[in-house]
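This report refers to the structure that appears directly beneath it.
All values below come from the heavy atoms of this structure, side chains included, with hydrogens, waters and symmetry mates left out.
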Amino acid sequence: MKEDKAFYTLSVDGKTYAFRRPEVSQLDRFGSRMARAPLSAALDFTRELALEPEAWAQATSERPGLALAAVNGIMEALGFLAG
């Protein structure tokens with residue numbers, strides 16, 4: 001892990017989850033998987049980027065859709081989606 005600086009945060013039910021900025025290789029891997037298995041791709045991508053991986057894994061095991069919400073926010077922050 002190169003750095004533990006939060007690039008994007010997602011707050012849910014009073015808990016905030018922080019994610020590091022993805023590298024190009026991570027974005028490429030996510031993009032190639034997204035069409036085939038969107039939820040699995042989002043879960044793997046966000047678990048890889050989470051600054052507190054155990055807490056995020058627990059949250060997404062209970063509510064897997066949170067991964068899609070986090071991906072949308074990360075992609076918007078990177079300029080892929082219009083805000």
Side-chain angles (χ1 to χ4, degrees):
M1 175 176 357
K2 286 190 293 192
E3 60 181 56
D4 281 347
K5 183 179 174 199
F7 170 73
Y8 174 76
T9 58
L10 175 69
S11 295
V12 181
D13 298 333
K15 172 77 174 134
T16 299
Y17 302 94
F19 303 88
R20 72 184 52 82
R21 182 185 187 95
E23 297 175 4
V24 171
S25 61
Q26 292 169 314
L27 289 166
D28 286 344
R29 191 169 51 250
F30 169 71
S32 69
R33 291 188 59 210
M34 189 65 183
R36 292 187 321 268
L39 183 56
S40 294
L43 286 166
D44 291 345
F45 183 66
T46 57
R47 287 178 180 172
E48 204 175 319
L49 299 176
L51 294 181
E52 295 180 44
E54 298 82 14
W56 181 246
Q58 178 65 36
T60 55
S61 71
E62 294 169 6
R63 297 171 67 185
L66 292 177
L68 293 171
V71 163
N72 285 337
I74 292 167
M75 291 302 175
E76 185 176 328
L78 290 169
F80 286 102
L81 305 172

- Leu27: side chain to side chain contact (heavy atoms under 4.5 Å, CB included) partners, not counting sequence neighbours: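 For Leu27 the side chain to side chain contact (heavy atoms under 4.5 Å, CB included) partners, ignoring immediate neighbours, are Pro22, Phe45, Met75, Leu78, Phe80.
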- Task: Apply side chain to side chain contact (heavy atoms under 4.5 Å, CB included) to Ala37 and list each qualifying residue two or more places apart in sequence or on a separate chain.
- Result: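 Ala37 satisfies side chain to side chain contact (heavy atoms under 4.5 Å, CB included) with Ser40 once adjacent residues are dropped.
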- Item | Short N-O contact, Asp44 and Arg33, less than 4.0 angstrom |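 Yes, charged N to carboxylate O under 4.0 Å.
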- Specify the closest pair of heavy atoms between Ala42 and Val71, including all atoms of both residues, with the distance to one decimal.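 Closest approach of Ala42 to Val71: CB-CG2, 3.7 Å.
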- Of the non-hydrogen atoms in Leu10 and Leu66, which two are nearest, and what is the gap between them?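 Of all heavy-atom pairs spanning Leu10 and Leu66, the closest is CD2-O, 4.0 Å.
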Sequence neighbours left out, what passes side-chain hydrogen bond (donor to acceptor under 3.5 Å, both in side chains) with [X]? Give chain and number order.
X: Asp28; result: none
X: Gln26; result: Glu48
X: Ser25; result: none

- Item | Tyr17 six-ring centre to Lys15 NZ/CZ under 6.0 Å and within 45° of normal |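 The answer is yes; both the distance and angle limits are met.
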With a cut-off of 3.5 Å and sequence neighbours excluded, list every side-chain donor-acceptor pair involving residues 58-65.
unit_1, atom_1, unit_2, atom_2, d
Gln58, NE2, Glu62, OE2, 2.5
Thr60, OG1, Arg47, NE, 3.1
Thr60, OG1, Arg47, NH2, 2.8
Thr60, OG1, Trp56, O, 2.9
Thr60, OG1, Ala57, O, 3.3
Ser61, OG, Ala57, O, 3.4
Ser61, OG, Gln58, O, 2.8
Arg63, NH1, Asp13, OD2, 2.6

- Task: Please round to the nearest 0.5 Å and tell me the distance separating atom CG of Leu51 and atom CZ of Phe7.
- Result: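 Atom-to-atom, Leu51:CG and Phe7:CZ are 12.0 Å apart.
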